[in-house]
Amino acid sequence: MALSKRVNPEQLIQQSMDHKSHAHHLTKVDPSKSHHPYGSRYGTNPLPKYKIPSTGTDAEAAYQLIHDELSLDGNPLLNLASFVHTWMPAQADRLMQENMSKNLIDQDEYPMTQEIHNRCISMLADLWHAPNSKQAIGTATTGSSEAIQLGGLAMKRIWQAKRKAAGKSIHEPGPNIVMGANAQVALEKFARYFEVECRLVPISVESNYRLDPKKAMQFVDENTIGVFVILGSTYTGHYEPVKEMSDLLDEYEAKTGISVPIHVDGASGAFVAPFATPKLEWDFRIPRVVSINTSGHKFGLAYVGVGWVIWRDKAHLPKDLIFELHYLGSVEYSFSLNFSRPAAPIIAQFFNLVHLGFEGYRRVALDDLKNARLLARALERSGFYHVLSDVHRPASGASATALLQGAKKAVGAGASEFDEEDVESYVPGLPVIAFRFTDNFKQKYAGIQQKWIQTLLRSKGWIVPNYELAPDLETIEILRVVVRENMSEALVDRLVCDLVEITESLTKMDSPTHALGLLAEHHSAAAAKHSASKMDHGSASASTGTYAKQC
């Protein structure tokens, strides 16, 4: 029998195909005829919520239906509650669209994407003064939460190795980590998820609503794997004093021989401080800082989905956290909690680093802080609000009162004048303004609840949260505004106008019923203000009562 028989590949494919049915075996309808006009499929039926529908719908109709529901979300531009960046140039949008299907973990398939990832690591290591940025150790993450888990986990492993080498137990009493009570939940989540005792240091007005290094030392012992120090509290925007914390830990080591490292949670501040206040010491210039994390999708100005963690050097990333992967034809190394992740946000981050450069990032940071100072001063001058944040206050002994009055005042013993436009003149911090009713206002209008401000601002489109401060100060409620790049001076002006108008109105109506009535009053006033008509009242014939809305 001859073995050389010609095989027809097209015939093989035809014979191997599933035989198509004219009707779906479950629904008994022809799937090729699933075309529907806009929304008609769900004109009398709700959108599916709990079960996959038996048949699909046209892509355009599906898009429009989902698009319409999502339009009920708040406007990202007016979302002043979030630190997350919401705008990028069209060129960045295009890059992300072009690369949205790439998986970062596939290093062998997408070598240039991995190269861009490594460039970002080196650039951030250099920005934060790592000893050797060309051999930088770090990784992209899905955000600061994952980055914090990795930084804390590395400190835990190193602590365990030291305890074992000394012949001591790693279970009794077990590891602990120290942080301020103002810590973002991601820091506390690390402790809970990875079985580390969380020691929260009480905050106070005197400590500027943040970690008090001297109090923190009362929580440190031989089982402390490290201290989380936050460069930019989410509550008030204050930077925690990394250098002071390090100095106290130096003294502790000199007395006890116990070395306790620092991880800096720079979720927001690590993309602000290097550009706005480069002289401030908080990063790897301090030897005790072993790792730093940040969110590229906050003041890194990229879209959501990218964070970073950088270690001082290889010695501070234990080998047992690094996985060697023989996958997809190559040897790869992974030390992240996730495996697959989109590459597009990393590419967006690199776009920003190249497009903006140091001067571009500095300009954005300075503009954000300038607008934050404007908002803080306006709020305090209104007489209604007390500002808890300090980025508008002098960094030295200059009179804050004189500054708020617009006076030029000499600083210290020198003859130089206070430069209101120089960011170095002010207390360093994030462009975040936390504020509350003044004590006088609360005493005079005891019936007015501060949370009404949040609700009434939402009626105008603004999203400004009202919430309690961290434990030990939870009786204090604050409103908070994050001044991001797209919070222009014009929007600050509009926000102040709306805040003042709402607050003044509440002083005349101090009950919940009146506050709700105020919503309708504001709606009517806004409609009248924005009316296109320039005619005076009475210029037209009286209404007949017929339907007058647009068809």
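The basis for the numbers below is simple: all heavy atoms, side chains too, and nothing from hydrogens, waters or symmetry mates.
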Test log, rule side chain to side chain contact (heavy atoms under 4.5 Å, CB included), inputs H263 and I292: CA-CA 6 Å; H263 172 89; I292 300 170; 5.6 Å; no
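- Under 3.5 Å, the side chains of T438 and H386 contain no donor-acceptor pair of N or O atoms.
- A salt bridge is defined here as a Lys NZ or Arg NE, NH1 or NH2 lying under 4.0 Å from an Asp or Glu carboxylate O, and D106 with K102 fails to meet this definition.
- Around the CD atom of E489, the shell of radius 6.0 Å holds no more than 12 heavy atoms that belong to other residues, nucleotides or ligands.
- Checking side-chain atoms of S295 against main-chain N and O of H297 turns up no donor-acceptor pair under 3.5 Å.
- When the shell of 6.0 Å around CZ of F358 is examined, it contains more than 12 heavy atoms from other residues, nucleotides or ligands.
- No side-chain heavy atom of S204 sits under 4.5 Å from any side-chain heavy atom of Y209.
- Under 4.0 Å is where a charged nitrogen must lie from a carboxylate oxygen, and between K370 and D367 no such pair does.
- Applying the ring-ring contact (aromatic ring centres under 6.0 Å, His included) criterion to F435, with sequence neighbours excluded, gives Y385.
- Listed by chain and residue number, nothing satisfies the ring-ring contact (aromatic ring centres under 6.0 Å, His included) test with H238 (two or more places apart in sequence, or in another chain).
- Side-chain atoms of N293 and E146 include no donor-acceptor pair closer than 3.5 Å.
- Remark: the Y467 side chain and the R480 side chain contain an N/O donor-acceptor pair separated by less than 3.5 Å.
- Remark: F194 CZ is packed, more than 12 non-hydrogen atoms of other residues, nucleotides or ligands lying under 6.0 Å away.
- Counted by atom type alone, Y110 and N99 present zero donor-acceptor pairs between their side chains at under 3.5 Å.
- The shortest distance between side-chain heavy atoms of I230 and R210 does not fall below 4.5 Å.
- No more than 12 heavy atoms of other residues, nucleotides or ligands lie within 6.0 Å of CD1 in I52, so this atom counts as exposed by the packing criterion.
- With E474 contributing its side chain and E468 its backbone, the two residues share no donor-acceptor pair below 3.5 Å.
- Inter-residue side-chain proximity for P274 and W128 is flagged as met; some heavy-atom pair is nearer than 4.5 Å.
- Residues T236 and N208 have side chains that never bring a donor and an acceptor to within less than 3.5 angstrom of each other.
- The side-chain hydrogen bond (donor to acceptor under 3.5 Å, both in side chains) test with N466 is passed by exactly one of Q454, Q450, R436: Q450.
- Side chains of S340 and N103: a donor-acceptor N/O pair is present below 3.5 angstrom, by distance only.
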Quick one: do T86 and N486 satisfy side chain to side chain donor-acceptor pair (under 3.5 Å)? Show the steps, please. CA-CA 8 Å; T86 58; N486 53 5; 3.0 Å; yes
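- Residue-environment remark: CD (Q443) stays at or below the threshold of 12 foreign heavy atoms within 6.0 Å.
- Residues D283 and V289 have side chains not in contact (no heavy-atom distance under 4.5 Å, counting atoms from C-beta outward).
- Contacts classified as side-chain hydrogen bond (donor to acceptor under 3.5 Å, both in side chains) and involving residues 346-361 (residues at least two apart or in different chains) are given here: W308-Q349, Q349-Y361.
- In this structure, K442 places its NZ atom where more than 12 heavy-atom neighbours from other residues, nucleotides or ligands lie under 6.0 Å away.
- Formation of a donor-acceptor pair under 3.5 Å by the H85 side chain with backbone atoms of W87 is found in this model.
- In this structure, L211 and F228 have side chains that are not in contact, with every pair of non-hydrogen atoms separated by 4.5 Å or more.
- When atom types are taken as modelled, the side chain of S382 and the backbone of L379 share a donor-acceptor pair closer than 3.5 angstrom.
- Counting heavy atoms from C-beta on, the side chains of L491 and S488 come closer than 4.5 Å.
- The backbone N or O of T141 lies less than 3.5 Å from no partner atom in the side chain of S336, so there is not a single donor-acceptor pair.
- Considering only heavy atoms from C-beta on, I448 comes within 4.5 Å of F437 through its side chain.
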